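Every number for a ligand or one of its atoms is a count from 1 in the order of the listing. The model shown is predicted, which means the values in this text are computed figures rather than measured ones.
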Amino acid sequence: MDVMKSQATIATHCIEAALAAILEHEDELAHLDSVAGDGDHGAGMARGFRAAVERARTASGSGTAGAVISNAGTEFSRAAGGASGALVGMYVMMIGSNLSGDNMSSETVHHALRQGLASVASLGKAQLGDKTMLDTLIPFTRAFGEAAAAGTPLAQAWQSALPAARMGMESTKDMIASRGRSAVLKERSLGTQDPGATSIYYVLEAVGRVLAEECKP
Ligand code: ADP
Ligand code: MG
């Protein structure tokens, strides 16, 4: 563990960075969601991460990284609303509750990421290619797992998985939605990147920056 910063503090910084990234892209996310959805995705994600940050800060004084992240996820769900409120909140909460205490290594984080992904897949019943956040999360988790299995330290494993996440996000542009609100308008979503796949990419990218700066292997 880093001698300067506790892992609970790093976890709190990750949630803060996620909020900053969402706020930076809020208008773009609203626009993407307005094409075949209801345009609320940027606002919902911002509301969720604002509440998550407050909760993470409260939890970080006494809690572990896992407690910070699971509390933040629960609060996200409560505040965000929409399909993504339940799904992203559950994702964050499951990652936190599957991190064993304060032990953030690439192996333990991979385990937690897989549990988070499985919970989103079972709650939303979407698959790869359905034009959802899973199109970012599935390739990210796979690439992260490969790096972790090769013994790559956490921050580097995270960085190495981002290009796969980006490609997954970009691939949603050519897909027709078959889950969630935009499935109603189907073809109208063709040519526009999925809002949830986009926001979750920005979150992964922001977390990667924090880990690169604050995690000493
Ligand atoms: P709502 O559709 O309720 O307005 P948001 O606009 O906040 O919620 O979120 C829309 C995003 O949620 C989509 O772009 C998609 O990525 C994601 N999403 C919707 N339904 C599902 C699902 N069943 N599984 C996974 N992700 C989903
Ligand atoms: Mg929406």
Side-chain angles (χ1 to χ4, degrees), residues 15 18-53 72-95 98 112-142 144 161-162 164-207:
I15 306 289
L19 170 62
I22 292 299
L23 293 179
E24 188 187 336
H25 296 284
E26 190 176 341
D27 293 345
E28 178 197 345
L29 297 171
H31 169 72
L32 292 176
D33 192 35
S34 70
V35 175
D38 56 0
D40 67 344
H41 187 63
M45 292 293 288
R47 206 162 49 238
F49 273 115
R50 269 200 197 94
V53 162
T74 304
E75 205 55 34
F76 184 102
S77 284
R78 211 169 283 156
S84 63
L87 292 161
V88 175
M90 164 78 89
Y91 182 64
V92 175
M93 194 273 281
M94 287 298 282
I95 289 173
N98 281 283
L113 288 172
R114 285 184 51 161
Q115 300 303 310
L117 176 60
S119 70
V120 174
S122 84
L123 181 65
K125 303 200 166 38
Q127 293 177 347
L128 194 70
D130 282 348
K131 195 175 181 109
T132 71
M133 60 184 79
L134 288 181
D135 293 308
T136 299
L137 288 177
I138 290 172
F140 175 77
T141 310
R142 190 178 296 147
F144 185 94
L162 285 175
R166 175 181 275 278
M167 278 178 63
M169 166 187 79
E170 288 171 349
S171 74
T172 63
K173 207 169 170 177
D174 303 320
M175 293 174 187
I176 293 173
S178 52
R179 288 277 160 195
R181 201 182 291 277
S182 46
V184 179
L185 295 169
K186 287 188 185 299
E187 276 75 15
R188 196 184 290 184
S189 68
L190 190 62
T192 304
Q193 203 165 278
D194 178 63
T198 307
S199 61
I200 207 79
Y201 176 76
Y202 290 138
V203 167
L204 294 173
E205 195 181 45
V207 168

For atom 15 (C) of ligand 1, the protein heavy atom that lies nearest, with its residue and separation: D194 OD2, 3.5 Å
Atom 17 (C) of ligand 1: nearest protein contact (heavy atom, Å): M133 CE, 3.6 Å
Nearest to the Mg ion (ligand 2) - the N/O/S atom of D40, by atom name: OD1
Enumerated ligand 1 atoms positioned under 4.0 Å from heavy atoms of D33: 6 (O)
Backbone or side-chain N or O of G196 under 3.5 Å from ligand 1 N or O: yes
Which of the ligand 1 atoms, numbered from 1, are nearer than 4.0 Å to a heavy atom of P195: 14 (O)
Side chain R47, main chain A79, donor-acceptor under 3.5 Å: yes
Euclidean distance, L23 CG relative to R50 CZ, rounded to 0.5 Å: 5.0 Å
Check: A126 N/O within less than 3.5 Å of ligand 1 N/O: no
Value rounded to 0.5 Å, distance of CG in L32 from CG in D27: 11.0 Å
N or O pair under 3.5 Å between L134 and ligand 1: no
F49 and F76 aromatic ring geometry - parallel, tilted or perpendicular at 30°/60° bounds: perpendicular
Over all atoms of both residues, closest heavy-atom pair of S119 and M90: OG-CG, 3.3 Å
Residue, atom name and distance, where the atom is the protein heavy atom closest to atom 23 (N) of ligand 1: G124 O, 2.8 Å
Y201 versus Q193, side-chain donor and acceptor atoms under 3.5 Å: no
Nearest-0.5 Å distance, CZ of residue R166 to OG1 of residue T198: 10.0 Å
Identity and distance of the protein heavy atom lying nearest atom 3 (O) of ligand 1: A83 N, 2.8 Å
Vertex the Mg ion (ligand 2), arms to D33 OD2 and D38 OD1, rounded to 10°: 80°
T132 contact mode with ligand 1 (heavy-atom cut-off under 4.0 Å): both
K131 side-chain N/O to I176 backbone N/O, donor-acceptor pair under 3.5 Å: no
Per-residue contact class, D40 against ligand 1 - non-hydrogen pairs under 4.0 Å: side chain
Atom pair NE2/CG of H41 and D33 - distance to nearest 0.5 Å: 7.0 Å
Identity and distance of the protein heavy atom lying nearest atom 7 (O) of ligand 1: S84 OG, 2.5 Å
N/O donor-acceptor pair under 3.5 Å between D135 side chain and T132 backbone: yes
Exam field: side chain T192 to backbone V35, donor-acceptor pair closer than 3.5 Å: no
Atom 10 (C) of ligand 1: the protein heavy-atom neighbour that sits closest, reported with distance to 0.1 Å: H41 ND1, 4.0 Å
Residue, atom name and distance, where the atom is the protein heavy atom closest to atom 20 (N) of ligand 1: G180 CA, 3.5 Å
Enumerated ligand 1 atoms positioned under 4.0 Å from heavy atoms of L87: 18 (N), 21 (C), 22 (C), 24 (N), 25 (C), 26 (N), 27 (C)
